[in-house]
Amino acid sequence: MISKTEYARRRKRLMTMMGPETVAIIPSAQEIIRSRDTHFNFRQDSDFHYLSGFNEPESVLVLIPGRKHGDFIIFNRERDLEKETWHGRREGQQGVIDNYAAADAFPIEDIDDILPGLMEGRKRIYCAIGNDKEFDEKILAWLNALRTNVSGAETHGEIIDVRHFLHDMRLYKSPAEVKLMRTAAQISAKAHIRAMQKSRPGLCEYHLEAELHHEFARLGARFPAYTSIVAGGENACILHYVENDDKMKDGDLMMIDAGAEYQLYASDISRTFPINGLFTKNQKIIYGWVLKAQLAAIETIRPGACWNAPHEAAVKVLTKGLIEMGILKGRLQTLIKNEAYKPFYMHKTGHWLGLDVHDVGDYQVGGEPRVLEPGMVLTVEPGLYISKEIKKVPKQWKGLAVRIEDDVLVTEDGYEVLSKDTPKTIDEIESLMSQSAA
Ligand code: GLY
Ligand code: MN
Ligand code: MN
């Protein structure tokens with residue numbers, strides 16, 4: 001759990017970076033209609049959550065450095081017994097003061113009347129302009145209200161993107177965040193193991209999806225961090241395959257890319273295994289290359305390494321594999337330079353991971369690739385995708401696809417694989433699949 005003091009620390013840090021005579025305005029996520037009058041499950045906006053831990057829609061968080069009566073204000077829904085009876089509990093204004101350390105709280109309906117006053121005298125407005133058109137318009141309306149007021153207070157109303165600071169903060173995970181991410185990865189590991197053990201020809205992909213989600217929820221992670229990918233056979237050539245409704249065939253591989261979200265922190269794990277529990281000779285070969293690429297990529301991770309180093313290491317091994325498999329012909333260096341591997345490996349080897357699966361944080365600083373530092377978490381996810389659509393590929397490889405993905409924390413002296421409990425050697429997978437799930 002993230003403590004109240006950690007949330008307070010984050011707000012203070014952001015306000016220190018913002019400086020005096022500023023204000024930050026950050027809206028919550030909104031409920032989204034799925035169909036007619038049913039909604040998708042509510043997921044709080046990650047920036048809003050990062051600064052408050054408050055989990056209701058229709059809220060706006062305001063930070064006002066140096067404000068005499070407190071620098072942290074929330075606008076949120078009022079308590080309403082009838083609405084709460086139908087739709088769920090609300091904290092109300094007193095609730096966010098008592099439980100979320102807001103200095104002041106006001107009904108969201110009153111924001112147009114109150115917020116311009118709070119912005120008075122604040123020369124720079126920090127917000128995420130361009131993120132939500134409707135909210136952008138509100139900010140402009142509040143600024144205009146401020147400009148046309150008669151108090152005579154000086155206001156320049158310069159708008160600055162709060163994400164520069166906020167997303168850089170989110171890139172460096174605190175010990176408490178790492179703990180949650182480790183738990184998310186451990187839960188996912190158990191779910192992947194369960195899916196492997198439940199796999200057999202004749203099931204549908206969504207049966208394994210159900211096994212994954214069963215294990216997530218059973219272990220305290222009710223929702224996946226992203227739509228689970230359960231791709232049998234050639235479906236795995238579609239990188240973000242989410243239909244998950246095909247029959248699972250004897251002799252095919254299964255590629256699962258699924259991760260639990262634990263207290264809003266994501267995990268993101270991919271594993272590939274034979275549906276019937278035993279790899280064929282050719283499956284072992286292609287799997288072996290991807291695993292070798294993944295291990296080489298992980299080995300590059302340490303403070304001071306370039307964030308792109310895992311990708312370069314993976315591309316080298318994968319291209320070598322493609323040559324050895326007779327899929328590519330030519331000199332290794334030339335093929336790498338010409339990106340000849342791209343039809344079979346078209347994505348990057350990883351991304352930041354945190355509150356979001358493709359987490360925030362710049363990949364370049366001052367035009368240079370970012371250098372890894374302790375506390376950053378990234379995925380390492382090489383793959384090979386030999387689509388049947390691609391011509392001139394020896395036929396034994398056609399339709400095979402493998403991705404292996406782990407979540408890796410940069411530590412003081414190297415790395416920690418947060419998802420290390422998810423088996424990935426051929427022997428581990430085959431032995432595990434010979435035992436059935438509890
Ligand atoms: N699960 C999406 C990704 O691996 O990036
Ligand atoms: Mn990923
Ligand atoms: Mn993934």
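One-based numbering, in listed order, for ligands and for the atoms of each.
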Q.
If we check side chain to side chain contact (heavy atoms under 4.5 Å, CB included) with C127, which of these qualifies: D161, D132, I160, I159?
A. I159
Q. To which of L353, D257, L239, T227 does the heavy atom nearest atom 1 (N) of ligand 1 belong?
A. D257
Q. So which pairs with a foot in residues 333-345 pass side-chain hydrogen bond (donor to acceptor under 3.5 Å, both in side chains), sequence neighbours left out?
A. R331-T334, E339-K342, Y345-T349
Q.
Is there a side chain to side chain contact (heavy atoms under 4.5 Å, CB included) between R370 and W352? Walk through the geometry before answering.
A. CA-CA 11 Å; R370 187 142 205 162; W352 306 131; 4.1 Å; yes
Q) Between E78 and R90, does at least one N-O distance fall below 4.0 Å, as a salt bridge requires? A) no
Q. Going from CG on N99 to CD on E91, what distance comes out if it is rounded to the nearest 0.5 angstrom?
A. 4.5 Å
Q: Can you pull out the closest protein heavy atom to atom 4 (O) of ligand 1? Residue, atom name and distance to 0.1 Å, please.
A: E381 OE1, 3.0 Å
Q: Please write down residue, atom name and distance for the protein heavy atom closest to atom 5 (O) of ligand 1.
A: H358 NE2, 2.7 Å
Q) Is the shortest distance from a Lys or Arg side-chain nitrogen in R170 or D359 to a carboxylate oxygen in the other one below 4.0 Å? A) yes
Q: Please list, in chain and residue-number order, the protein N/O/S atoms closer than 2.8 Å to the Mn ion (ligand 2).
A: D268 OD2, H351 NE2, E381 OE2, E405 OE2
Q. At the 4.0 Å heavy-atom cut-off, does V357 count as touching ligand 1?
A. no
Q: Specify the closest pair of heavy atoms between M181 and L353, including all atoms of both residues, with the distance to one decimal.
A: CE-O, 3.5 Å
Q.
What I want to find out is whether E215 reaches K190 closely enough, with some N-O distance under 4.0 Å, to be called a salt bridge.
A. no
